[in-house]
Colleague: 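Questions regarding the structure given below will be posed in turn.
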Amino acid sequence: MSAQLGSGFHSSPVLRSAPRATHPRGWLEALRLILRVIRTRQDLAGMEPRMLRDIGLTPGRARHEAQRAPWDIGPHRG
């Protein structure tokens with residue numbers, strides 16, 4: 001069963017478009033990656049405009065990134 005989960009996850013179009021370094025090797029690594037994305041996006045949502053400017057993001061762009069689905073880890077298209 002874990003082989004099915006892992007192989008299905010690898011075939012996700014989102015992960016195929018993600019940089020090679022972010023491709024998980026199994027379902028547990030994929031889960032860890034998604035949890036890290038959730039935490040990172042929560043942190044981004046809580047940043048003040050001054051902090052966002054320091055990293056080159058507008059509040060609107062940060063809000064958009066924070067609202068993306070956790071499994072949507074590839075580069076933004078649009």
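For this chain, numbers begin at 1 and follow the sequence in order. Note that the structure is predicted; figures quoted are calculated from it, not measured.
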Colleague: Hey, what do you get for CD1 (Ile38) to CG (Asp43), rounding to the nearest 0.5 Å?
Modeller: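 Here the rounded value is 12.0 Å.
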
Colleague: Please examine the side chains of Ile34 and Ile73, heavy atoms only from C-beta on, and report whether any two atoms are closer than 4.5 Å.
Modeller: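 Not touching, per the 4.5 Å side-chain cut-off.
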
Colleague: What's the separation between atom CG in Leu31 and atom CZ in Arg36, rounded to the nearest 0.5 Å?
Modeller: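 Leu31 atom CG to Arg36 atom CZ measures 11.5 Å (nearest 0.5 Å).
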
Colleague: Measure across Leu52 and Ala62 and return the closest heavy-atom pair with its distance rounded to 0.1 Å.
Modeller: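 Minimum heavy-atom separation between Leu52 and Ala62: CD2-CB, 3.6 Å.
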
Colleague: Can you name the residues that form a side chain to side chain contact (heavy atoms under 4.5 Å, CB included) with Met51, not counting sequence neighbours?
Modeller: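 Partners of Met51 under the side chain to side chain contact (heavy atoms under 4.5 Å, CB included) test: Met47, Glu48.
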
Colleague: Kindly indicate whether the side chain of Ile55, heavy atoms from C-beta on, has any atom under 4.5 Å from the side chain of Leu44.
Modeller: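 Of all side-chain heavy-atom pairs linking Leu44 with Ile55, at least one is under 4.5 Å.
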
Colleague: What pairs meet the ring-ring contact (aromatic ring centres under 6.0 Å, His included) rule with one or both residues in residues 30-67, with sequence neighbours excluded?
Modeller: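 Applying ring-ring contact (aromatic ring centres under 6.0 Å, His included) to every pair that reaches into residues 30-67, excluding sequence neighbours, yields His64-His76.
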
Colleague: Would you please name every residue forming a side chain to side chain contact (heavy atoms under 4.5 Å, CB included) with Leu28, sequence neighbours left out?
Modeller: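 Applying side chain to side chain contact (heavy atoms under 4.5 Å, CB included) to Leu28 gives Arg32.
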
Colleague: Mind checking the CG-CD spacing from Asp72 to Glu65? Nearest 0.5 Å is all I need.
Modeller: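 Going from CG on Asp72 over to CD on Glu65, the span is 8.5 Å.
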
Colleague: Show the nearest heavy-atom pair for residues Ala66 and Arg41, with the distance to one decimal.
Modeller: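 Ala66 and Arg41 have their closest heavy atoms at CB-O, 3.6 Å.
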
